[in-house]
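Notes for the one structure printed next.
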2 protein chains.
Amino acid sequence: MAGLETVAGKIRGRGYKVTPQRMAVLEALAAEQHQSMDSIRSRCPRVGLVTMYRTLDLLSEIGVVRRLDLGDGPRYELAEDHHHHMICESCGDISEFEECPIDDGPLGDLDFEISSHSLEVYGRCAVCAGGERR
Amino acid sequence: MAGLETVAGKIRGRGYKVTPQRMAVLEALAAEQHQSMDSIRSRCPRVGLVTMYRTLDLLSEIGVVRRLDLGDGPRYELAEDHHHHMICESCGDISEFEECPIDDGPLGDLDFEISSHSLEVYGRCAVCAGGERR
DNA sequence: GATGTAGTTGAAAATTTTTTTCGATTAGGA
DNA sequence: TCCTAATCGAAAAAAATTTTCAACTACATC
Ligand SMILES: [Zn+2]
Ligand SMILES: [Zn+2]
Ligand SMILES: [Zn+2]
Ligand SMILES: [Zn+2]
């Protein structure tokens, strides 16, 4: 995982200040991927709600954090490695996978300059799919 | 495009009633894909806000409508054909493409039972990319 | 066509989520 | 140590979504 030191440097590099609140949010994010606002908040009760919103905005802007829209409210995660999500519609579990069909085999001629993308698959996780043999 | 008659049948088939409000929302949706709540509402001013929310929920539930999360607020579109979206971060234009890397080449072993997926690409549309040769 | 009823509607109010204000506080350079 | 622009957060405002509940209506049945 990219040390928080590195992130601090990125923040300063952009002319922003490294504050205890920002570091607290980063640590909260480092504890677990794709957390909801409430989850993050409960991990750093000292950080005010407004600051929370602003911090997540700022971190997203400088590319350190990624905001996700997985169906229920917004979620956030550290934008370390590129990956995609599998959302279990049965138990709500969210897991990740690295394989990327977009990077692997480029799309045909879309006449569009792609800078990023997101891919989510919905269905049932291994546990919920139960013992049912494939 | 799947006639609205068909949809009416699907609504009745699920035990729901076909009301003027529901048909009005469907017609509004048929006018244009991926519309925001406001856009849909302006196309059927007679339908109350609460009914609007409930109708979109119901239509999503029976699979007639697809709710999209493309960055700005939620958007809705008729779930006719399978396709994906290209969102221009410069002008905000949203366009579609049929090519589907997930259906084409299945993902590796994910140990996950996929029932649906969504894929969005962000970047600059042809217009915004300007004359810049590839 | 008239009747009964469960499903539906929407105004108002309650909640929840996000943004704006603005005076007090602070990180970090000089 | 000083200074100042950046930041913080309580409070209020605004926006988005949901709940209530009494009146209304689609439609199956008679
Ligand atoms: Zn993730
Ligand atoms: Zn990818
Ligand atoms: Zn679309
Ligand atoms: Zn697809």
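All chains are named by letter (A, B, ...) in the order of the sequence lines, taking the proteins before the strands, and each is independently numbered beginning at 1. On a predicted model such as this, the values are computed, not experimentally measured, just so you know.
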**Request:** Return the 5'-most residue of the pair B:Y53, B:P20 with respect to DNA chain D, ranking by each residue's nearest nucleotide.
**Result:** B:Y53

**Prompt:** More 5' along DNA chain D: B:P74 or B:K17, using each one's nearest nucleotide?
**Reply:** B:P74

Starting at atom [atom1] of [X], determine the distance to atom [atom2] of [N], rounded to an integer number of angstrom.
X     : N      : atom1 : atom2 : answer
A:L58 : C:dT19 : CG    : C1'   : 16 Å
A:L49 : C:dT18 : CG    : P     : 9 Å
B:M52 : C:dT8  : CE    : P     : 16 Å
B:M23 : C:dT9  : CE    : C1'   : 17 Å
B:R22 : C:dG10 : CZ    : C1'   : 13 Å

Hydrophobic cluster identity match, [X] and [Y], side-chain contacts under 4.5 Å:
X     : Y      : value
B:I40 : B:V50  : no
A:I87 : B:F112 : no
A:L70 : A:M86  : no

**Request:** Between B:Q21 and B:V50, just flag the one whose closest nucleotide in DNA chain C comes earlier from the 5' side.
**Result:** B:Q21

**Prompt:** Considering heavy-atom distances to DNA chain C, does B:V47 or B:G15 have its closest nucleotide positioned more toward the 5' end?
**Reply:** B:G15

**Message:** I need the minimum non-hydrogen distance between A:A30 and A:L78, along with the two atoms involved.
**Reply:** CA-CD1, 3.7 Å

Answer yes or no: is there a donor N or O on one side and an acceptor on the other, between the side chain of [X] and the main chain of [Y], under 3.5 Å?
X     : Y      : result
B:R22 : B:K17  : yes
A:T51 : A:V47  : no
A:E99 : B:G108 : yes

**Request:** Identify the residue among A:E32, A:Q35, A:R67, A:H34 that makes a side chain to side chain contact (heavy atoms under 4.5 Å, CB included) with A:E77.
**Result:** A:H34

**Request:** Name the nucleic acid region contacted by A:R46, choosing base, sugar-phosphate or nothing; use a 4.0 angstrom heavy-atom cut-off, strictly under.
**Result:** sugar-phosphate

**Under 4.0 angstrom between A:T19 side-chain N/O and C:dA27 OP1 or OP2** = no

**Message:** Side chains of A:S115 and B:E89 only: does a donor on one sit below 3.5 Å from an acceptor on the other?
**Reply:** yes

**Prompt:** Any N or O donor-acceptor pair linking the side chain of B:R54 to the base of C:dG10 at under 3.5 Å?
**Reply:** yes

**Request:** Five pairs at each end of the helix from C:dG1-D:dC30 to C:dA30-D:dT1: take the axis at both ends and give me the angle between them to 10°.
**Result:** 40°

**Request:** For DNA chain D, note the earliest and the latest nucleotide, 5' to 3', having some atom under 4.0 Å of a heavy atom belonging to chain B.
**Result:** D:dA16 to D:dC27

